[in-house]
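See structure below.
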Amino acid sequence: MNKRKIDMLMKDCYELTVTALTIRKVEERLLELFSEGVLNGTIHTCIGQEWTGVAVANALQAGDTVFSNHRGHGHYIALTGDVYGLIAEIMGKDDGVCGGVGGSQHLHTENFFSNGIQGGMVPVAAGRALANALQGNNAISVVFIGDGTLGEGVIYETFNIASKWQLPLLVVLENNQYAQSTPTSLTLAGNIRDRVRGFGIEYIKCDTWDIAGLLDSAKEAVDCVRKNQKPVLLEIDTYRLKAHSKGDDLRDPVEISRYAGQDSINALLESDVPRVAETVNQIDSNIQQAITKAREATLCSFAPASNSVRQYQSVTWRTESFARQRIITSINLSLQSLLENNSKAVIIGEDIEAPYGGAFKATKDLSTLFPGRVKNTPISEGAITGVGIGLALSGFLPVVEIMFGDFMTLTFDQLLQHAGKFCEMYGKDLDVPLIIRTPMGGRRGYGPTHSQSLEKFFLGIPNLEVIAYNHRVSPALIFGNLCKTIRRPTLIIENKVLYTQHVDSTPMPGFRINISDELFPTVRISPSTGDPQVTLVCYGGMLAEVEIAAAAAFDENEILCEIICPSIINPLNAYPILESARKTRRLITVEEGPSIAALGSEVAARILEHSLPIAHYSRIGYDSTIPSSASRESRLITNAESIFERIVEIFK
Ligand SMILES: Cc1ncc(C[n+]2csc(CCOP(=O)(O)OP(=O)(O)O)c2C)c(N)n1
């Protein structure tokens, strides 16, 4: 490197050079600690790429947020300067920035979030950008991705949304030419600039070999996002000088040494400039102190919150009469009430604005009443869920409508790997108040891909709560209680058949109806006289069918059934179910969806865990594709008749 360049690094931007050198030295020490067996798992170092994070962080202001990926140590140090917090984290210590829970790939402090799922943070960053735009706070959101991540679909959904909604989002693409061992030239069709411009997104390019140019481009990109309130993609050509993670490097050594020769930090370290040596000595000494301190720190004391997922809490029962109201009206009014009472509430989803008001009219007229807070989205279930998460992390209360529950499959990654994880994996009890509403269920003739009840796939996801409305408890009560208390991402299942039914407190002849004192009440329907002989457990839209079957069993066969219908199915409070099964010793779980590994299986497991002596347990549900043909569909999907037959059968 010539003298002019060294002067630039050691004089003009000395502080930034110190940060870049610090990142290099931390990464080198981490690799050494790895070889010594001090570190657990894996790390992805950014040796050779240090200046990307330094240049971007240099251009940011207080209040901006950075979302990062698996190769995020440099981004973190550049933004926070917190060397000790990072080292202690990777060493799995309580002192780590995430208490040793997150480790290398999952770092968080106030305005920094990283995750090891490629591409998944891009919509979350867009959600933060939307929050900034809605607040008009002039802050921007930045997300780092690698070139291999250009293969992930959710990033294009997000580019589209960010461009259409003019979000202050900066995407920093660190193009180091490889994804693990695969050259990106083998996996990337077309070219990056055209892809980005195809979305109407501003594209700026620079590299890590011209540091002055990089600093200028990073500033230009950040300023452009802030000033124009529009997304920009900054592509930074760079090269990773070490292995992808620990030692898995199959690249041509000649190529590696060519790039090593171009690297400005190598050039500085090889120079004989006295100030470089002094600076590096000081950095080494600081890092050594941090390592020594981290070695002495206590090991991660994280304890999983397993008790909360297997709830067993006694309840008391009461009667409550709800005003008779169409369920879709109750849902619509509860959304309206949320928007009226909480200025941070926003609703996003496909086709939800007026005049259409959503496929089932749940958001009818709301976009007119609350302009800008009820927004139509593209058909991008994964990205809109991520955007919702970003809003939820930014003090908003987002409600995301997924048009049909069948499409929830596309949200799975965001809910499992992002929303649910954020609550816990950063070693902090982080609030992610995201509400997802979706219609599930059949009986409308929509066939194999628009009639399913897929909620079982969302049960047991750590930190994801699942509510299912039924016709005996007003959705407005449940939704109101949820909005008042929400801290965790929550999925609300709305059985389609319910939309046309009414919230109904009409007594059933021969039965008394109670609801529990829980926040999301369980419904109990018991014989008015006599001891119940069999417990029927169901939820959501199945309650109506189960009621008909129980009434018929009483009228025609004098069999006394007790129905237990929880309104929240994850985490499931097993107490009301077990309380009933203890009396009846016979239990049938009834589901509209698949019966394998579903709520019924969970109920059966709880019964075994509590060593309840049971004379009969069986489950009802379908285990096949739902046909479009009305007659075939009604034969397949659980209904009052099939439930009645099962009840009678066990008393033969
Ligand atoms: C969704 C997902 N798929 C695969 C992986 C495994 N993985 C981790 S890093 C990586 C390569 C990523 O390449 P790139 O985006 O270019 O970033 P780089 O590693 O080069 O910084 C892969 C495949 C992952 N973490 N997440």
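Heavy atoms only: backbone and side chains are in, while hydrogens, waters and symmetry mates are out. Source: prediction; values computed, not measured. Remember, it's 1-based here, ligands and their atoms both numbered in the order they're listed.
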*Any salt bridge between D95 and K293, counting N to O under 4.0 Å?*
no
*Quick one: look at R71 and ligand 1, take heavy-atom pairs under 4.0 Å, and tell me if it's side chain, backbone, both or neither.*
side chain
_Closest protein heavy atom (residue, atom, distance) for atom 1 (C) of ligand 1_ = E152 OE2, 3.4 Å
*Among I47, I90, I287, find the residue that satisfies the side chain to side chain contact (heavy atoms under 4.5 Å, CB included) test when tested with L30.*
I90
*asked:* Using a 4.0 Å cut-off to any heavy atom of G146, which atoms of ligand 1 qualify?
replied: 14 (P), 15 (O), 16 (O), 17 (O)
*Do any N or O atoms from the side chain of D406 and from the backbone of H450 form a donor-acceptor pair under 3.5 angstrom?*
yes
*asked:* Considering non-hydrogen atoms of the protein only, which is the closest contact for atom 18 (P) of ligand 1, and what is the distance?
replied: H70 NE2, 3.5 Å
*Heavy-atom distances under 4.0 Å are what count here, so tell me which part of Q180 touches ligand 1: side chain, backbone, both or neither.*
both
*Decide whether an N or O pair under 3.5 Å exists between Y178 and ligand 1.*
yes
_SB check R437 E401 (cutoff 4.0 Å)_ = yes
_Among all protein heavy atoms in this structure, tell me which lies nearest to atom 25 (N) of ligand 1, with the distance rounded to 0.1 Å._
G116 O, 2.8 Å
_Checking the N or O distance criterion of under 3.5 Å, is ligand 1 in contact with Q118?_
yes
*Around atom 14 (P) of ligand 1, find the nearest protein heavy atom and jot down its residue, atom name and distance.*
G148 N, 3.4 Å
_Which of the ligand 1 atoms, numbered from 1, are nearer than 4.0 Å to a heavy atom of H244_ = 9 (S), 10 (C), 11 (C), 19 (O)
*Please work out whether any backbone atom (N, CA, C, O) or any side-chain heavy atom from C-beta onward of N176 is under 4.0 Å from ligand 1, and answer side chain, backbone, both or neither.*
side chain
_I need the contact type for R240 against ligand 1. Using non-hydrogen atoms and a strict under-4.0 Å cut-off, is it side chain, backbone, both or neither?_
neither
*Check each atom of ligand 1 against the heavy atoms of T149 and keep those under 4.0 Å away; list them by number with element.*
15 (O)
_Would you say the rings of F457 and F412 are close, in the sense that their centroids are separated by under 6.0 Å?_
no
*Check ion pair D223-K227 (N to O, under 4.0 angstrom)*: no
_Short N or O distance, I117 and ligand 1, threshold 3.5 Å exclusive_ = no
*Give a yes-or-no answer on whether the side chains of Y203 and E235 include a donor-acceptor pair shorter than 3.5 Å.*
yes
*Contact between E174 and ligand 1, counting heavy atoms under 4.0 Å?*
no
*asked:* Checking the side chain of N570 only, and the main-chain atoms of G460 only, is there a donor and an acceptor separated by less than 3.5 Å?
replied: yes
*Between the side chains of R29 and Q288, does any donor sit under 3.5 Å from an acceptor?*
yes
*Audit row: D147, T184, side-chain hydrogen bond (donor to acceptor under 3.5 Å, both in side chains) steps and yes/no*: CA-CA 7 Å; D147 45 296; T184 303; 2.3 Å; yes
